[in-house]
Amino acid sequence: MISYEEAGRLLGLAAARDQRTVGDADLLAWHADLNAATLTYRDAEAAITRFYAVEMASLQPDQRRRVTTPDVISIARKIRNERLENFIYEPPPGDHDPHYLKRLRGQLEATASGNTTPPTRPALTSSPTAPTRALLSSVGRRIPAEDDTPTERPPIQRPGPLGRQCPKCSAAIGRPCRTPGGKERPPHPARRTASTPRHPEEETA
């Protein structure tokens, strides 16, 4: 609840900025409106400051106006929502929380009202710790094979004429022979001959 004294202070803050004249009717209206919206004095004061320092400051002089209670209520709600953007629930020690909802509502209200400081999480230090350095030292390290001696990959072998490059049309292994016009054709005789295995006695003849 905002007291009449606090409502008077809020009107005084507004009058100091827009030179309004404050009377008893103004005090009664502000007290009623702000309490009907369940605003706190802290939220209302922050809303008045933002209204003049941010919203009116961005306008031309002829576009500026005096703050009203709807302005204060609307801006105060925005401020409360902004305070909850990074809210992190803080559970009690242990794995069991029998009063979770009550504790959650209390932390939400305290954070929205600006009565608590949002918990901070430890940030990474500028230099890694010893365990981290040990893990990083293995990143990108070459894992040696059982035998580092490079082995030559055996050539592709397949039976028949297509298992050799054609000496006539230079068709690659596995590809069909082609005519001078580029059409596929049966393997050239030279390719067939080259792919036919010879008997040892033929080689020595």
Side-chain angles (χ1 to χ4, degrees), residues 46 50 53-55 57-59 74-205:
R50 179 177 292 190
V54 179
E55 297 193 2
S58 63
L59 302 177
S74 175
I75 297 173
R77 288 173 176 169
K78 291 179 182 178
I79 293 174
R80 289 175 63 88
N81 290 333
E82 291 170 359
R83 291 172 181 157
L84 291 173
E85 286 181 355
N86 297 320
F87 170 78
I88 300 175
Y89 174 68
E90 287 294 311
D95 298 331
H96 183 58
D97 186 1
H99 306 292
Y100 167 74
L101 289 178
K102 181 179 179 181
R103 185 185 301 272
L104 175 62
R105 293 190 185 104
Q107 292 184 16
L108 285 171
E109 176 58 30
T111 303
S113 300
N115 296 325
T116 59
T117 302
T120 57
R121 293 291 183 263
L124 294 175
T125 59
S126 58
S127 58
T129 60
T132 303
R133 287 195 297 270
L135 291 174
L136 292 176
S137 63
S138 62
V139 176
R141 186 175 60 184
R142 180 176 177 272
I143 300 176
E146 295 181 0
D147 185 5
D148 283 342
T149 304
T151 57
E152 185 177 353
R153 181 175 297 179
I156 299 176
Q157 297 181 357
R158 54 184 300 173
L162 298 186
R164 293 176 179 270
Q165 181 179 350
C166 180
K168 178 69 174 178
C169 66
S170 301
I173 296 175
R175 304 299 299 174
C177 292
R178 293 183 179 274
T179 65
K183 295 182 179 181
E184 294 184 4
R185 54 150 292 160
H188 285 98
R191 194 175 192 182
R192 292 180 181 276
T193 302
S195 63
T196 302
R198 294 186 178 183
H199 297 286
E201 57 271 17
E202 294 179 352
E203 296 180 354
T204 58

[atom1]/[X] to [atom2]/[Y] distance, rounded to the nearest 0.5 angstrom?
X      : Y      : atom1 : atom2 : value
Cys177 : Arg192 : SG    : CZ    : 8.5 Å
Ile173 : Cys166 : CD1   : SG    : 11.5 Å
Glu82  : Arg50  : CD    : CZ    : 4.0 Å
Arg80  : Ile75  : CZ    : CD1   : 15.0 Å

Is a donor on one side and an acceptor on the other found under 3.5 Å between the side chain of Arg191 and the backbone of Arg164?
yes
Any side-chain heavy atom of Gln165 within less than 4.5 Å of one from Ser170?
yes
